[in-house]
Amino acid sequence: YSGLEEAVYRNIQACKELAQTTRTAYGPNGMNKMVINHLEKLFVTNDAATILRELEVQHPAAKMLVMASHMQEQEVGDGTNFVLVFAGVLLELAEDLLRMGLSVSEASYILITVIEGYEKACKKALEILPDLVCCSAKNLRDVEEVASLLHTSVMSKQYGNERFLAKLIAQACVSILPDSGHFNVDNIRVCKIVGAGISASSVLHGMVFKKETEGDVTSVKDAKIAVYSCPFDGMITETKGTVLIKNAEELMNFSKGEENLMDLQVKAIADSGANVVVTGGKVADMALHYANKYNLMLVRLNSKWDLRRLCKTVGATALPRLTPPTLEEMGHCNSVYLSEVGDTQVVVFKHEKEDGAISTILIRGSTDNLMDDIERAVDDGVNTFKVLTRDKRLVPGGGATEIELAKQITSYGETCPGLDQYAIKKFAEAFEAIPRALAENSGVKANEVISKLYAVHQEGKKNVGFDIEAEAAAVKDMLEAGVLDTYLGKFWGIKLATNAAVTVLRVDQIIMAKPAGGPKPPSGKKDWDEDQND
């Protein structure tokens, strides 16, 4: 090999190994990976985004693929594995073209040809993609319709529980979808409580905190909420003061003054109409006594993020000092109560009305690892809903879209003169990796599945994909089966994977800014190399 080829092959090899790691996790039947991160925390998942986030990828070329996958996560929230698998196969096929190759002197010319071919094919694929749209979401406020559209993204993480989870996610998303249509994924909260099973999970309109109430009051209907970002305690002077007490009466008056001041502060809060106090700091014993006296429910939240979200949910303003809140500063919700889920105490801020600002999905499960995996499935479902609010178009899943793109791009490659037609055909061949991965992970002969898919697509049936539930190599109509992918997910996946592969192919040298090797000077005296006799 020339130096150029050697460098390119090494880069491709690193990327192939990374793609192979997640390829076996692709689809509903994908295998789980057991990842132990640098903090020795254990993850058991087949979610590519999580695997990549916890892996510490060192190779600079492989990092390009990881960055493309992160971009897909930020842009769409799902389809990270598609980016990795597709980019990995593009590089593998580019390596084949190089090996078919020409003489050493023409290595750089071949690389440029491959890159140009890939870019042309990517442009063509994105032109063809709108023609493959099989349906669009009609009404995003219909829970049943939304649940059917979320099946596919949830199925890849929680195969078997997708109907139940998709219904929960749909209920949560539809309940907080604003009239403007601008959906924020942060408004769906997840609370995980060990015990029972997945089927015991539920949706609550409002917020749930794994906390206990501080005082005696544990339930309030028609709650008027005062939120404080400061501790629920008396005022403390900034400087130290010395008080000289001469007799018992002065001692009594001194403590009584503090008590009276606290009493007045808590009474003023109660007189303003508030019956629930939420504080972001510690609660003093004396303040707690007066809160119980005036029947105030007291909840302490340590996280400032939780405090902000609660303010958003109930429409309150967080006050920095213990002053009585005005009507505008007070929040409101139908009920606040302490409940027990399993053996965990939770405080629930509940909205009866459907259009609350925040919804919480309460996840139950037997282990923390299982609940973490369900949470990732919920995240994917919520992100899919957000994508549908931006673009309602859907394309068939199960490898149907990929095979149709492969068929049409191969035909396009045959019409292209010049050497880049080989790269265009290889780009088309790369699309076969998706149905191939689905088939292999389901324990079916991949070549048989792909030949059947091509045969059906030649007849003009664009929506036919691989049937993962059949025992043999079988195909079925994905539109009828309800296996649908978002148009934007595919669009960005193809674009980012191609960009990553092309970027890796353009690299001929990796130059790392690190100190050169060799023995290090002793780190003792500053002038260790000077003559001692001077």
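The structure presented is a predicted model; accordingly, all values stated were derived computationally and were not measured.
Of all non-hydrogen atoms in D380 and S153, the two that sit nearest each other are O-OG, 4.0 Å. For the pair S219 and Y337, the tightest heavy-atom approach, listed with the atom from each and the gap, is OG-CB, 3.8 Å. Looking at every heavy atom in both residues, T344 comes nearest to K210 through CG2-CD, 3.9 Å. G206 and T313 make their closest contact through CA-CG2, 4.2 Å (heavy atoms, listed as atom of the first residue, atom of the second, distance). Taking all atoms of both residues into account, the shortest heavy-atom contact from R364 to V341 is NH1-CG1, 3.3 Å. Taking each heavy atom of N46 and M31 in turn, the nearest pair found is CB-O, 3.5 Å.
For the pair D373 and R376, the salt-bridge criterion is met [side-chain N within less than 4.0 Å of a carboxylate O]. Under the 4.0 Å criterion applied to side-chain N and carboxylate O atoms, K192 and D372 are assigned as salt-bridge partners. Note on K293 versus D263: salt bridge recorded, some NZ/NE/NH1/NH2 to OD/OE distance being below 4.0 Å.
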Could you walk me through whether L140 and V146 pass side-chain contact (heavy atoms from CB on, under 4.5 Å), step by step?
-> CA-CA 6 Å; L140 290 179; V146 171; 4.2 Å; yes
For this session: Assess whether side-chain contact (heavy atoms from CB on, under 4.5 Å) is satisfied between D485 and T152, documenting all intermediate values.
Result: CA-CA 7 Å; D485 285 328; T152 312; 3.7 Å; yes
Let's go through F209 and L310 carefully: what are the C-alpha distance in whole Å and the side-chain angles of both, what is the deciding distance for side-chain contact (heavy atoms from CB on, under 4.5 Å) to 0.1 Å, and is it a yes or a no?
CA-CA 10 Å; F209 298 103; L310 180 66; 4.1 Å; yes
Exercise for review: Dump the intermediate steps for side-chain contact (heavy atoms from CB on, under 4.5 Å) on I198 and Q158, then the final yes or no.
Suggested key: CA-CA 11 Å; I198 295 175; Q158 283 292 318; 3.9 Å; yes
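Test T24, T45, T50, T21 against K33 for side-chain hydrogen bond (donor to acceptor under 3.5 Å, both in side chains) and you get one pass: T24. Of the options V276, I225, L327, D222, a side chain to side chain contact (heavy atoms under 4.5 Å, CB included) to H332 is made by D222 and by none of the others. Exactly one of K282, R321, R300 qualifies for a salt bridge (Lys or Arg N to Asp or Glu O under 4.0 Å) with D233. That residue is K282. Partner R506 forms a side chain to side chain contact (heavy atoms under 4.5 Å, CB included) with one of V502, V504, T503 and no other, that one being V502.
Judged by distance alone, the side chain of N81 and the main-chain N or O of A48 form no donor-acceptor pair under 3.5 Å. Although no hydrogens or angles enter the test, the distance criterion places a donor-acceptor pair under 3.5 Å between the side chain of N441 and the main chain of Y26. Between the E73 side chain and the M71 main chain, no donor and acceptor come within less than 3.5 Å of each other. In this structure, the side chain of Q72 engages the main chain of D78 through a donor-acceptor pair within 3.5 Å. When atom types are taken as modelled, the side chain of D379 and the backbone of G77 share no donor-acceptor pair closer than 3.5 angstrom. Using a distance-only test at 3.5 Å, with no hydrogens or angles considered, a donor-acceptor pair links the side chain of E145 to the main chain of N139.
For the pair F491 and V395, the minimum side-chain heavy-atom distance is 4.5 Å or more. Within the 4.5 Å cutoff, no side-chain heavy atoms of D306 are placed close to those of K211. No side-chain heavy atom of P320 sits under 4.5 Å from any side-chain heavy atom of C230. The shortest side-chain heavy-atom distance between L298 and V283 falls under the 4.5 Å cut-off. In this structure the side chain of V346 never reaches within 4.5 angstrom of the side chain of L362, judged on heavy atoms. For the pair L488/E75, no side-chain contact is recorded, criterion being any heavy-atom separation below 4.5 Å from C-beta on. Between F385 and L149, every side-chain heavy-atom pair lies at or beyond the 4.5 Å cut-off. Looking at L322 and M262, their side chains come closer than 4.5 Å, going by heavy atoms from C-beta outward.
For the atom pair OG of S69 and NZ of K63, the computed distance is 15.0 Å after rounding to the nearest 0.5 Å. Rounding to the nearest 0.5 Å places NZ of K167 at 11.0 Å from CZ of R163. One finds the NE2 atom of H182 at 9.0 Å from the OG1 atom of T389 (value rounded to the nearest 0.5 Å). For the atom pair CD1 of I36 and CG of L55, the computed distance is 11.5 Å after rounding to the nearest 0.5 Å. Put simply, CG on L150 and SG on C173 are 6.5 Å apart, with the number rounded to the nearest 0.5 Å. One finds the CG atom of L65 at 11.5 Å from the NE2 atom of H59 (value rounded to the nearest 0.5 Å).
Within a 6.0 Å radius of CG in D271, more than 12 heavy atoms belonging to other residues, nucleotides or ligands are found. The number of heavy-atom neighbours closer than 6.0 Å to CD of E340, taken from other residues, nucleotides and ligands shown, is above 12. Around CE of M67, the count of heavy atoms belonging to other residues, nucleotides or ligands within 6.0 Å does not exceed 12. Heavy atoms of other residues, nucleotides or ligands lying less than 6.0 angstrom from CG of D285 number 12 at most.
The aromatic rings of F82 and F86 sit parallel to each other, their planes meeting at less than 30°, with 60° as the upper class boundary.
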